[in-house]
Amino acid sequence: MRLSVEVLGLLSCFFSLAVAAPGKRDLNSFIVAERAIALQGALDNIGPDGAKVPGAGAGFVVASPSKVNPDYFYTWSRDSALTLKMLIDEFIFGNTKLQSYIEDYIHAQAKLQTVSNPSGTFLPAGLGLGEPKYQVDGTRFNGAWGRPQRDGPALRAIALMTYSNWLIDNGQKSKAKTIIWPIIANDLSYVGQYWNQTGFDLWEETQGSSFFTIQNQHRSLVEGAQLAKALGVTCTGCDQAPEVLCFLQSFWNGEFIVSNINVDNGRTGLDGNSILGPIAVFDIDAYCDSPTMQPCHSKNLANFKVLMDTFRVTYTINNGIPEGQGIAVGRYAEDIYQGGNPWYLITTAAAEFLYDAVAQWKARHNLIVDSTSLAFFKDIYPSVTVRQYNSGNANSPFAQITNAVTAYADSFVAVAEKYTPANGSLAEQFNRDTGVALSANDLTWSYAAFVTMAQRRAGQYPASWGTRNAVAPPATCAGASTTGVYVPATAAGAPNVTSTCQVNVVFDVNATTYFGENIYVIGNTDDLGAWDVANSLPLGAGGYTQERPLWSVSAYLNAGETVDYKYVRQEDCNQPYIYESENRTLTVPACGSAAITTNDAWVGPVGTSGGC
Ligand code: NOJ
Ligand code: NOJ
């Protein structure tokens, strides 16, 4: 008897259920269940009503409820924008309940744009937009950090543009124009002005040029030009798109994508950065040879293979998994943060990347294997050769290859499933030797990444962002810049800030310290942490010598204001902070004055190491 395809399908379905490990469901039902958990997990971390983040302001996405080791109880521009992009796409795919979160985010971000912070002020030149993270009520965070990070404005613009396009399609063009565009315009101004300056990468460790950042910046400018046209407004900065695209090409070294360039940090450059970038700029309408570097681009496929070959031998839990099978994936092989483990969000991103590539081949009705991508395909379809495969029937090589890539994608999700606790909660990382979840619990980005992966697997694709209209890069790249126009988005609730003139004040204090002790300056203004020690400015000991125990930090304070301040010692071994015994007073010189230096010497009790 010959069984029909349907019967075979049913049988194999039955069979896979029957052989599944006890208590483990098949992948489909895991994904359906986990997608719902992940969506709720993200919502639980958004103020003002998120169940896990009391104290967070409306529209602020908290990175994780974790307040110690690591303390992620802050709102990061990157995590927030990626989460909102997911929520906006979910909304567009039909989940209308999410609209209030989107509206809250719009208002929160309009205000946040104007908040002065250690990266700078909003006016006159937009520098404050490069700040990576804020307190969960939207106030500044003064602590030492890798700043600026220039992906945030691009990612926020992309999320807001997705929503704006939906508004236009649904008869609300004037709302997009008057309320949301002013926020987007500030962000695109920032991108157009600063894309060619180095900054910290998405992992907040490396100062240089980051593939993920540049790729998203390019998308934001292309999309921005189109949205501006649709709204009848001007995009300042969008003219930089071809130059950014030109620069994007320089991350490829002939074998893989070097995720951070203009750096010298002893790393290979093989980094999950190069998977997260392509999925963030995925365009279902794109051609695979588009210089926007889509998931189906040969160079990205080659890079994917080299990256997986690296991670396969990096983590014990990947031992014995053959090529062409999903593995646990992390940030980069040299990572030591929290033990340097695989991450949920990058493991599911690997799956999403492959689902994206398959979707693009199917949409183009062909896939081209070239010498660059051959090794990627060999791992999953050994008889592959360098040629074009056109779509055909279910037995065609095209169908076999795309099925093999889909199965490869599924196997990454299965790895994530294997290391997901029974309650479905997703932390940041899972242990490289044991697979046990660790680092920040309930990481919003882990949840967002699971949902976007599940969207792609279910065939839900965001509308094209216009890759086909992107202007080709010039033959020779030039490091250009367009001066931005920065205006508070008052229609969305931003305060009508005016340009604050600030003057550079260098806090220099002689303070003899033991190894492990740190010095901060704190004062009665926001710039100095408003007497909240968690928000005071850290001084650096780069100039500390035997002769002069100098601690120093360069700050910007409002011209003409009089501030009260003092220095604080942070002790080791969880001993309490030690404050200077009296307040100091400083009058900041008038607008336009040259930098001043305090030249102080510590007054008050000193500390002793706890010897822990
Ligand atoms: C905190 C950052 O968020 C993380 O990405 C980084 O690895 C660590 N700091 C160490 O620099
Ligand atoms: C550390 C990650 O490296 C960074 O990308 C992220 O923004 C923060 N944690 C917050 O989740």
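Computed from heavy atoms alone, side chains included, the values below leave out hydrogens, waters and symmetry copies. Every number for a ligand or one of its atoms is a count from 1 in the order of the listing.
- Ligand-side atoms of ligand 2 in range of Asp79: 6 (C), 7 (O), 10 (C), 11 (O), range being under 4.0 angstrom from any heavy atom.
- Remark: ligand 2 atoms within the under-4.0 Å shell around heavy atoms of Glu204 are 1 (C), 4 (C), 8 (C).
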Query raised in the report: What's the verdict on side-chain contact (heavy atoms from CB on, under 4.5 Å) for Thr213 and Leu202, showing C-alpha distance, side-chain angles and the deciding distance?
Result: CA-CA 7 Å; Thr213 300; Leu202 77 170; 5.6 Å; no

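- In summary, the atoms of ligand 2 found under 4.0 Å from a heavy atom of Trp343, numbered by their order in the structure, are 2 (C), 3 (O).
- The closest protein non-hydrogen atom to atom 9 (N) of ligand 2 is Tyr72 OH, 3.1 Å.
- For ligand 1, the atoms lying closer than 4.0 Å to a non-hydrogen atom of Arg331 are 4 (C), 5 (O), 7 (O).
- Using a 30° and 60° split on the angle between ring planes, Tyr190 and Tyr194 fall in the tilted class, from 30° to 60°.
- A distance-only check finds a donor-acceptor pair linking the side chain of Asp283 to the backbone of Thr467 [under 3.5 Å].
- Each of Tyr315, Trp445, Phe430, Trp203 was checked for a ring pair (Phe, Tyr, Trp, His ring centres under 6.0 Å) with Trp343, and the lone residue meeting it is Trp203.
- Each of the following atoms of ligand 1 lies closer than 4.0 Å to a heavy atom of Glu205: 6 (C), 7 (O), 10 (C), 11 (O).
- In this pair, Tyr520 and Tyr577 present their aromatic rings perpendicular. The plane angle is above 60°, beyond the 30 to 60° band.
- Between Trp145 and ligand 1, not a single N/O pair is under 3.5 Å apart.
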Requested in this report: For the pair Thr444 and Asp79, evaluate side-chain contact (heavy atoms from CB on, under 4.5 Å) and give the outcome as yes or no after the intermediate values.
Outcome: CA-CA 7 Å; Thr444 315; Asp79 301 45; 5.8 Å; no

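- Arg35 has a carboxylate O that lies under 4.0 Å from a charged side-chain N of Glu90, or vice versa, which qualifies the two as a salt bridge.
- Where the criterion is an N or O separation shorter than 3.5 Å, residue side chain and backbone included, Leu202 meets it with respect to ligand 2.
- At least one donor-acceptor pair closer than 3.5 Å links the side chain of Asp201 to the backbone N or O of Thr206.
- Residue contact annotation: Lys133 has no non-hydrogen atom under 4.0 Å from ligand 2.
- Distances between N or O atoms of Trp445 and those of ligand 2 include no value under 3.5 Å.
- Residue contact check for ligand 2: Phe212 places no non-hydrogen atom closer than 4.0 Å to it.
- Every heavy atom of Gln338 sits 4.0 Å or more from the atoms of ligand 1.
- A cation-pi arrangement, defined by a distance under 6.0 Å to the six-membered ring centre and an angle within 45 degrees of its axis, is present between Arg267 and Tyr332.
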**Report entry** CA sep, side-chain torsions, deciding dist, call: Tyr105, Arg156, side chain to side chain donor-acceptor pair (under 3.5 Å)
**Finding:** CA-CA 10 Å; Tyr105 175 75; Arg156 179 167 54 205; 5.1 Å; no

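- Any N or O atom pair closer than 3.5 Å counts here, and Trp203 shares at least one such pair with ligand 1.
- Annotation for ligand 2: atoms under 4.0 Å from non-hydrogen atoms of Trp76 are 7 (O), 8 (C), 10 (C).
- Backbone and side-chain nitrogen or oxygen atoms of Tyr337 are examined, and none is located within less than 3.5 angstrom of a nitrogen or oxygen of ligand 2.
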